[in-house]
Undergrad: 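Here it is, the structure, as structure tokens.
None of the values given here were measured: they were computed from a predicted structure. Just so it is clear, the values below take in all heavy atoms, side chains as well, and ignore hydrogens, waters and symmetry mates. Below, chain A is the first sequence line, B the second, and so on; all start at residue 1.
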Amino acid sequence: MMAVEVVVSRFLCFLLALRLGAGSEAEGVGEKFKIEGRAVVPGVRPQDWIHTARVLVEGEEHVGFFKTDGTFTVNDVPSGSYVVEIVSPAYRFEPVRVDITSKGKIRARHVNYLKASEVIRLPYPIQIKSSGPPPYFLKRETWGWTDFLMNPMHLLPLKVVVSYLFEQLQSVHNAFHHVEHNVNIFVSCIWVMMMILPLLIILLLPKVVNTNDPEMRREMEQSMNMLNPNHELPDVSEFMTRLFSSKSSKSGSGSKAGKSGALKRR
Amino acid sequence: MLEDQTFASMLGFWRTVLSVHSGTLEDRAVMVVLSEIWLLFALFEFSAAIYEDQVGKFDWRRQYVGKPRFAYFDTPTQNARKLMVTTENNVIASLNLRNGEIIWRQVDKEGPEGNVDLMLFHGQDALTVSGGGRLLRSWDTNIGGLNWEILLETGSLQTGSLIGFAEGVKYIAILKKASISLHYLSNGHQKWSEALPESEKIQYQLLYSSGSGAVYLVGMVAGSHLVVIRYDIEDGKIIEQVTVSAPWIRRLRDLCGIVADGILTCVDRESHSLWILPLESEHEPEQIVLQSLELELAEKFEGKILTTQSSPLVASSAQFCLQLSESHYALLQLHDGVVSLLRDFVQAVLVSFATTGDKVVAAIMTAKNKTAFGVNLYSAENGRRLLDTAMNFNLDPNCGQPEQLYIHAFLKKDDSVGYRALVQTLDHALIFIQQPGRIIWTREEALAEVVTMEMVDLPLTGTQAELEGEFGKKADGPMAMFMKRLSSQLILLQAWSSQLLKMFYDARKPRSHSRNEITIENLARDEFNLQKMMVMVTASGKLFGIDSSSGTILWKQYFENVKPGSSFKLAVQRTTAHFPHPPQCTLIIKDKATRLSSLHVFNPIFGKRSHINPPVLTRPILQSLLLPIMDQDYAKVLLLIDDEHKVTVFPSSRNILQQLQDSAPVIFFYLVDPILGKLNGFRLHKDLRTEQIWEVVIPTETQKIVIVKGKRSNEHVHSQGRVMGDRSVLYKYLNPNLLAVVTESIDTHHERTFICVYLIDGVTGRIIHESVQRKARGPVYVVHSENWVVYQYWNTKSRRNEMTVLELYEGTEQYNSTAFSSLDRPFSPMIFQQSYIFPSAISLVEATITDKGITSRHLLIGLHSGGILSLPKAFLDPRRPEVPSEQSREENLIPYAPELPIRSEWYINYNQSVSRVRGIYTAPSGLESTCLVVVYGLDIFQTRVYPSKQFDVLKDDYDYVLISSVLFGLIFTTMITKRLAQVKLLNRAWR
């Protein structure tokens, strides 16, 4: 029974919307109506924000002001469909579409520019709650030691390690938790590898390895060469010298070219 | 004959042009979802936002209210804090008396529907009647919100008055053309409303209430009789209606007033006499000849009556002021039906009454010379001058004369009367003055109506000029040049070191103090040319020179002979780049009534009138052109075309005329006649005759021309084409002569209304493109730049704002890559078009501009909410694909979404909203990344925008400390490790 009623009312709304669409432009003649409503900024008294706020109906076609209790009335609005906006530089409000029939029946609904005929009803008289101050500014990306320490990348594995140890102590082994734990342990292992290992290597390697050993040194040099991925790529300084020498050889006379040829042959 | 031919061919062409209908917007839910995902990416790419710590660093806003119509001081005590004003710009505001700043301000609808017709002040409430007598509002002046608001019956407002009783004020009476109504002051509810008898014949204009339970209403029929009606306050019944024969009556306003206990006093200008009629008794009016009062009357007697405007609780006093001529006033007293002269003021500029406690004073302003003024208070009771009330002050010589005087009188501790004066001048300035003549604050309300503006580069400093001079001078030998070089290098070093010193000195001071005062003497260009001079022209005929970095007014100039409604055009003829010659601006002022223009040449940096005499124009000017041709003084040529299509050249030296003759074949211009719906193209002959070469007629029975917009002359386009996904190049159609013409349909029915956009070549008159937008109506806003046109309109079918972008391309090959000629373009361009929904109402659109055109463009959109939105042009790209492909992704094209996004980070003015935006001026700066923006309307807002972020300069949050500490740290560690290594080596050697 309820479902049927809902469908019927939706259908009626649709009819209403159609009629509105046809008659929205008949201005000038006919009765004038008023749009009423109330806006609330949670936690702020109306007298602290209404002096910068206005109610705009379809751009600046009709303008309304707030009363000291946060209610507003926009007078002399002919029948039609309008977008009612509450503009305030300090608080953000969602716009509302208000339909007024030629008989003066008024309803409010969500603004949908894509589907103008879609009706999601809102209470009338309009009740709008601010969603807070608009985010006008970007956040600066700051860098500090605390950021480094508080980075969630470090926190999560730490937490896991601590909780793992804690739970080991309590020797609670829930099968359901086990899988998750394994994953977490894996993550923390990676963390240990990424953060701790390099530190250990940097600090401990020189102590462990005897750098005075000539064999060891040769081995290390070799491994360093291995690390350098581009053997083919010439060194920058080498490249520059070659560039300049070739230029001078080009600009130089034939004898010079012969000279360089001789050099090459050597 | 020739004209006919062109016209005919044009018509033929007209028919052949295919009208391309723009793509309609359809609902694509999937697309929206897709694009929203994409927008997450877009957020990182387009950034017009600023950081919170940048607030006020390079932007400023000045708020204005406009020319006051009514002004009231809040309390008659010395520590009054507020001034309530309602203005011609439909603003009601409360100003702080200590510094002149706005405490709160409410901006009503523009135009006559928002006009505030009346303001009354009572206690802490201001009562206003606005909208042509439609709305009665009561404002809480402490909060800035409404106590109540009620609708009045239709009919134009005549007057209104507060009705007081012994116990206080309870009602407000509103007199309309045909009715009178009484409302409770506490909630606005109507107590009673009555139609006026014979309202179509009798003009009712005066209300009077003595507080005795009756309201008197005075009406008149000009040259015939007066009607006095007495209403019962309780029920609105007519107690008494009296008709008095008065053949001398002309009108009630200004000429009549109610003095003392309900005695109607009128001036009869013809017989030079006063008529006195007590309202409460049935006497016949009594005539008093002014000569009997020993008053000297001028030949042309234009008397006016000024009554004391006291509070409704106190009966108006028996004294009144009679204005005999422009500067001659008389203070008169009416006692027992006898009028006596209290004091004669022969040289008074303005007179105003003020009440404090039970004392009524008259303030008389006198002029000593054109700029020096004095105010004195006189007791209204006996006409004696009050001691210690003289106030002498000087007005700026570039100001207008005083127009209105508001006196804030109060009782001092010793019971004597003290006062402060608010002077309103003809150039819409408000000056608040304290005894004995100290100006506390000045508000330049003319800036609420800026009509046009230009930004001019500041001159170079002395050292910079010295350096420039080095290159300009003729060489006198290599040695001398070398010495010169060395000396200028030294000067540079000196300047740099002094700047460093100053920087260190300033760093110790708090930020607010460190910003040193900018005066006209120390004006100099900064290194990136970010600071400029804003030359603003206001509707009142006052010019301002404003420093763009701080908003300080550096000079002002008032033209007294400018009539209201004149139109202005500003042309920068010579910039500051030509050092020994001063910069030169020319203002073309066109009078509305006579349509005649006058030229005013001035230096934009100092505001001084130039010694150059501009030509006298005898015929109305239709069009003005600033040509890139320069005379030997580097001043650009201004061509003025009058209504006979004759050309006036300014400056008109021999050199210029010669150059004009040489380049005449390439000079074309167009004229638009919106009434006849005609666009005409002309060309210039060698002998400066003009010849019409084309004409486009737009049928006026269906359409009217609303906008004709060309491209900006200082615009640079860096890239000639766009590289597409397949590595081919799409070349832009960059026609500098292209005009975008927008017409609206005459029929405004929502089914049949349409707008039409024509792209017309201004040289040949060829219509390059025509597009019709059905079921659309204005107001249309157009931006025309590079190879694109963006226009905005209202879709009547879907009841939403839509934006359409048109982009013109030559194709993958350029016809002539070296130069563009309108006369040699055999191929018509490719046109791409796409439409979008803009989810808000728009008040103006403008595009950013940069020095070289490398930086990407943004659209600056002024919204009714007061925000200025910076929307990346990439969102308005007709090649946005519906389904993104590999190639479109490579081109960085955003997938099509019907609705354009509005993000609050894109508001360039964050919470500094700008009311009633009338213009957005953009100017390039010395930095390619930076565009200077000035938004003007009721307020003025200046800022900088970086459409592609600051790519050519270090950001202001660049962490110098971190970088230098890391650097020093590294140097330090290398030094230490070096030392350690040395020690280690030494130890090893010892081993």
Side-chain angles (χ1 to χ4, degrees), chain A residues 20-27 32 34 46-54 56 58-73 75-76 80-83 85-90 92 95 97 111 113-118 133-143 212, chain B residues 25 27-29 32 47 49-55 103-110 114 131 134-135 137 139-140 142-149 151 748-751 796-801 837 839-843 864-867 898-899 904-905 907 910-913 916 957 959 962:
Chain A
L20 280 167
S24 65
E25 296 303 312
E27 281 173 29
K32 304 274 182 89
K34 60 182 178 184
Q47 53 260 50
D48 293 334
W49 63 271
I50 57 164
H51 62 99
T52 55
R54 284 197 299 167
L56 299 184
E58 212 65 81
E60 222 168 51
E61 232 168 86
H62 305 277
V63 177
F65 297 105
F66 279 98
K67 293 201 185 97
T68 45
D69 58 353
T71 59
F72 64 86
T73 315
N75 291 298
D76 273 353
S81 174
Y82 304 94
V83 174
E85 274 180 290
I86 293 169
V87 295
S88 160
R92 192 167 46 173
R97 189 176 277 282
V111 176
Y113 287 109
L114 276 175
K115 283 185 190 160
S117 54
E118 190 194 50
Y136 288 121
F137 304 110
L138 291 178
K139 280 255 163 61
R140 277 244 191 253
E141 281 173 29
T142 50
W143 193 88
N212 291 338
Chain B
L25 300 165
D27 308 342
R28 291 189 192 84
V32 176
S47 147
I50 63 165
Y51 298 101
E52 195 157 2
D53 52 85
Q54 288 177 320
V55 164
I103 300 171
W104 59 265
R105 182 184 76 170
Q106 290 287 8
V107 183
D108 209 338
K109 210 171 151 180
E110 215 169 350
R134 187 77 178 127
L135 283 164
R137 285 171 173 148
W139 299 87
D140 188 318
N142 291 325
I143 295 170
L146 291 170
N147 288 321
W148 47 263
E149 168 185 52
L151 267 179
T748 53
H749 187 268
H750 69 100
E751 284 287 333
T796 55
K797 189 181 169 228
S798 310
R799 297 188 298 269
R800 62 196 178 197
N801 284 291
I837 300 165
S840 183
I842 288 177
S843 58
H864 282 294
S865 62
E899 200 167 321
S904 39
E905 294 94 355
Y907 287 109
Y910 45 105
N911 64 2
Q912 307 283 299
S913 48
R916 252 187 236 148
D957 67 327
D959 207 337
L962 185 76

Undergrad: When only pairs under 4.5 Å are counted, which of B:Ser913, B:Ala841, B:Ser840, B:Pro839 shares the most heavy-atom pairs with chain A?
TA: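 Ranked by contacts with chain A, first place is B:Pro839.
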Undergrad: Could you look at A:Lys34 and say if it's the side chain, the backbone, both or neither that has a heavy atom under 4.5 Å from chain B?
TA: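 Neither the backbone nor the side chain of A:Lys34 comes within 4.5 Å of chain B.
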Undergrad: Where do A:Glu60 and B:Arg916 land on the side chain to side chain contact (heavy atoms under 4.5 Å, CB included) test, with the steps shown first?
TA: CA-CA 9 Å; A:Glu60 222 168 51; B:Arg916 252 187 236 148; 4.2 Å; yes
Undergrad: Side chain, backbone, both or neither: which part of B:Ile842 has a heavy atom under 4.5 Å from chain A?
TA: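 Nothing of B:Ile842, per the 4.5 Å heavy-atom cut-off to chain A.
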Undergrad: Using non-hydrogen atoms and a 4.5 Å limit, figure out which bit of B:Asp108 sits close to chain A: side chain, backbone, both or neither.
TA: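 Interface part for B:Asp108: both.
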Undergrad: Would you say that B:His864 contacts A:Val87 through its side chain, given a criterion of any heavy-atom pair below 4.5 Å between the two side chains?
TA: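 Counting from C-beta outward, B:His864 and A:Val87 never come under 4.5 Å.
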Undergrad: Hey, can you tell me if B:Tyr910 and A:Phe137 have their rings parallel, tilted or perpendicular (30° and 60° cut-offs)?
TA: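 The rings of B:Tyr910 and A:Phe137 sit tilted, inter-plane angle from 30° to 60°.
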Undergrad: Which residues pass the side-chain contact (heavy atoms from CB on, under 4.5 Å) test with B:Arg134, sequence neighbours left out?
TA: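 B:Arg134 satisfies side-chain contact (heavy atoms from CB on, under 4.5 Å) with A:Asp76, B:Leu151, B:Thr154 only.
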Undergrad: Rounded to the nearest 0.5 Å, how far does CD of B:Glu149 lie from OG1 of A:Thr71?
TA: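 Separation between the atoms: 9.5 Å.
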Undergrad: Between B:Gly131, B:Gly145, B:Gly114, B:Gly866, who has the most heavy-atom pairs with chain A when the cutoff is under 4.5 Å?
TA: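 Option with the top pair count is B:Gly145.
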Undergrad: Check each atom of A:Phe65 against the heavy atoms of chain B and say whether the ones under 4.5 Å are side chain, backbone, both or neither.
TA: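 When you check distances to chain B, atoms from both the backbone and side chain of A:Phe65 fall under 4.5 Å.
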Undergrad: Which atom names give the shortest non-hydrogen contact between A:Arg92 and B:Ser904, and what distance separates them?
TA: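 Answer, listing the atom of A:Arg92 first, then B:Ser904: NH1-OG, 4.2 Å.
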Undergrad: Hey, are the side chains of B:Asp140 and A:Gln47 touching, using non-hydrogen atoms and a 4.5 Å cut-off?
TA: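 Heavy-atom side-chain distance check fails, nothing below 4.5 Å.
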Undergrad: Need one label for A:Glu85: side chain, backbone, both or neither, based on atoms under 4.5 Å from any heavy atom in chain B.
TA: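 Side chain only.
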Undergrad: Which atoms of A:Leu56 are under 4.5 Å from chain B, going by heavy atoms: the side chain, the backbone, both sets, or neither?
TA: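 The side chain, not the backbone.
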Undergrad: How long is the gap from CD1 on A:Ile50 to CD1 on B:Ile143, to the nearest 0.5 Å?
TA: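 That separation rounds to 6.0 Å.
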Undergrad: Rounded to the nearest 0.5 Å, what's the gap from CD on B:Gln54 to CG on A:Leu138? Could you check?
TA: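 The CD atom of B:Gln54 sits 8.5 Å away from the CG atom of A:Leu138.
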Undergrad: In Å and rounded to the nearest 0.5 Å, what is the CZ to OH distance from B:Arg799 to A:Tyr82?
TA: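 Rounded to the nearest 0.5 Å, the CZ-OH separation comes out at 10.0 Å.
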Undergrad: Got a second to check how far B:Glu899's CD is from A:Tyr113's OH, nearest 0.5 Å?
TA: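 Between atom CD of B:Glu899 and atom OH of A:Tyr113 there are 7.5 Å.
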Undergrad: Partners of B:Lys109 by side-chain contact (heavy atoms from CB on, under 4.5 Å), sequence neighbours excluded?
TA: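 Once residues adjacent in sequence are excluded, the partners of B:Lys109 under the side-chain contact (heavy atoms from CB on, under 4.5 Å) criterion are A:His62, A:Val63, B:Glu113.
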